[in-house]
Number of protein chains: 2
Amino acid sequence: MTLAEPELGVALWRKVADSIERKISDGSYLSGEKLPSETEIANTHRVNRHTVRRALAALAERGLVRAERGSGTYVESARLAYPLRTRTRFSEIVGAGGREPRGRLLTACTEAASKDIARQLKLKPGAPLLRIDGLRLADRIPICLGTTWLPAERFPDAEEIYRRSGSMTRVLAHHGVRDYRRAETRITAAIADAGDAAQLDLRLGSPVLIVEALDVEGDGRPLLAMRSRFAADRVQFVVEQD
Amino acid sequence: MTLAEPELGVALWRKVADSIERKISDGSYLSGEKLPSETEIANTHRVNRHTVRRALAALAERGLVRAERGSGTYVESARLAYPLRTRTRFSEIVGAGGREPRGRLLTACTEAASKDIARQLKLKPGAPLLRIDGLRLADRIPICLGTTWLPAERFPDAEEIYRRSGSMTRVLAHHGVRDYRRAETRITAAIADAGDAAQLDLRLGSPVLIVEALDVEGDGRPLLAMRSRFAADRVQFVVEQD
DNA sequence: ACTTATTTGTTCGTATGTATG
DNA sequence: ACATACATACGAACAAATAAG
């Protein structure tokens with residue numbers, strides 16, 4: 001028997017790394033938790049300790065785990081802490097974590113308001129809306145896929161300005177909105193469909209966090225509605241209550 | 001060719017129902033959204049409209065959709081709206097939705113504080129903790145699986161009282177805690193593991209919302225830490241910002 | 001304060017399969 | 001065909017930090 005079997009082209013340490021990563025991303029190993037020792041992992045996977053170390057090194061490189069000599073290897077919260085406050089900007093949150101925020105406009109078009117969105121924005125169903133689909137990234141890693149709906153009549157230049165600046169804040173400012181805030185955020189989760197998986201660079205079957213949010217003006221009038229899908233293993237929403 | 005093929009024992013309408021249910025639970029059809037018309041569904045699934053009606057009836061029976069004559073069939077928000085406030089009690093939230101809250105104690109034992117929990121509760125690692133695992137249900141439908149950790153020295157009678165009353169509020173009150181509130185809630189999502197799936201009555205691969213929460217006393221001293229896993233297709237967290 | 005066991009970090013050595021020229 | 005370089009994998013030993021008693 002050869003000690004190093006070809007194994008269909010996939011390196012052994014990569015399999016071990018994938019196995020550990022899966023357990024982290026599906027919550028079997030929670031953030032901060034201590035992993036089994038290198039020898040234990042080696043035994044359960046029936047590989048040499050070196051192979052485990054190679055796998056752990058790869059995960060540590062990506063910031064998923066952190067080794068402490070004499071103590072153990074711990075799961076790092078690779079998840080971006082995403083505070084939900086009344087005034088949260090994606091770019092600020094990502095920037096605060098020392099990462100580089102990016103956004104990519106996918107599509108922008110006008111469409112008629114669905115019953116649901118119309119109710120949220122206090123418009124009549126069928127009212128013209130500007131719909132903007134975008135992808136947001138941190139350090140080139142896709143974080144969320146979002147759709148924003150704006151009343152087309154109130155924000156006639158929205159598409160143009162958003163296309164140029166990539167900033168929703170600037171779109172609103174241009175139309176005279178100085179002060180706006182998050183009124184409500186609703187969160188649930190689902191499984192990534194093929195489209196999500198492709199754009200968020202996820203495996204099929206990965207969990208996504210689904211966020212429905214409504215931003216309003218200072219006086220409470222609805223401004224825009226959002227529906228976003230976050231790669232669940234890359235973010236953790238933080239609700240600070242006070 | 002026979003129009004009604006046997007299809008390996010699974011009724012055709014059940015397949016259609018499953019397909020629709022999957023789209024609801026994975027977020028392809030969002031809550032409140034209008035489904036395609038019965039004839040459309042019939043065409044895409046290549047079945048008779050009667051078969052679609054049978055499928056929709058089964059889903060309506062379970063409260064997942066609601067048909068409106070002359071308008072369409074809409075996705076019912078089967079998801080329990082779960083507000084995240086400083087003072088939220090599971091029983092109140094469920095009761096407010098006109099459903100009957102229940103709780104089942106799974107295990108209660110003492111264990112040493114992990115590094116992570118110790119840091120949260122501002123204790124030394126290894127400090128004795130009372131650990132309570134419980135299942136919470138609404139109308140006999142499992143909603144979440146939670147673990148609570150309490151400092152054992154501060155709450156010596158906790159196990160006894162929780163076992164009798166099933167109420168965490170009562171445990172705290174007995175030890176002289178009048179005022180406590182939620183300090184922080186962290187939310188992410190993952191895939192249900194075998195244990196989750198069994199206890200929450202989920203299919204394997206279903207998404208779960210993972211909540212880490214910390215409750216503190218009026219003066220900010222940590223009281224208890226919680227880790228819960230919610231069936232994602234049964235709840236939607238609501239963060240009201242003001 | 002001390003000992004002991006555990007765990008990660010490091011450095012040897014050996015061997016095999018793959019890609020390159 | 002052959003030599004070389006490289007990535008992969010296993011084995012053994014020891015150093016250094018930590019945890020537990």
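Nothing here was measured: the structure is a model prediction, and the numbers come from that model.
In terms of phosphate contacts, Asn48(A) brings a side-chain nitrogen or oxygen within less than 4.0 Å of OP1 or OP2 of dG11(D). One finds a side-chain N or O of Arg53(A) lying less than 4.0 angstrom from the OP1 or OP2 phosphate oxygen of dG9(C). Applying the 4.0 Å criterion to OP1 and OP2 of dA9(D), one finds that Arg54(A) has every side-chain N and O outside that range. Taking side-chain N and O atoms only, Ser71(A) has no distance below 4.0 Å to OP1 or OP2 of dT8(C). For the pair Thr73(A) and dT8(C), the criterion of a side-chain N or O lying under 4.0 Å from OP1 or OP2 is met.
In this structure, CG of Asn43(A) is placed 11 Å from P of dG11(D), rounded to the nearest angstrom. For Arg14(A) and dA9(D), the CZ to C1' distance is 15 Å, given to the nearest whole Å. In this structure, the CZ atom of Arg69(A) is 13 Å from the P atom of dA19(D), given to the nearest Å. Atom pair Arg66(A):CZ and dT7(C):P shows a separation of 17 Å (rounding to whole Å applied). Computed from coordinates, the Leu35(A) CG to dT6(C) C1' distance equals 16 Å when rounded to whole Å. For the pair Glu38(A) CD and dG11(D) C1', the interatomic distance rounds to 15 Å; values are reported in whole Å.
Distances from the side chain of His50(A) to the nucleotides dG11(D), dT8(C), dA9(D) place dG11(D) closest.
For Glu184(A) and Arg182(A), the salt-bridge test fails: no basic side-chain N is under 4.0 Å from an acidic carboxylate O. Ionic pairing of Asp179(B) and Arg181(B) is not present here: no N-O contact between side-chain nitrogen and carboxylate oxygen is shorter than 4.0 angstrom.
Taking the screw axis at each terminus of the helix from dC2(C)-dG21(D) to dG21(C)-dC2(D) from five consecutive base pairs, the angle between the two is 20° to within rounding of 10 degrees.
Here the CE-CG distance, from Met168(B) to Asp215(B), works out to 9.0 Å after rounding to the nearest 0.5 Å. Rounding to the nearest 0.5 Å places CZ of Phe237(B) at 7.5 Å from CD1 of Ile187(A).
For the pair Leu12(A)/His45(A), no side-chain contact is recorded, criterion being any heavy-atom separation below 4.5 Å from C-beta on. Using a 4.5 Å cut-off on side-chain heavy atoms (C-beta onward), Glu240(B) and Arg85(B) make contact. Residues Val171(B) and Glu160(B) form no side-chain contact, since every pair of their non-hydrogen atoms from C-beta on lies 4.5 Å or further apart.
Each of Tyr74(A) and Arg49(A) lies near DNA chain D, and the nucleotide nearest Arg49(A) is the one positioned closer to the 5' end.
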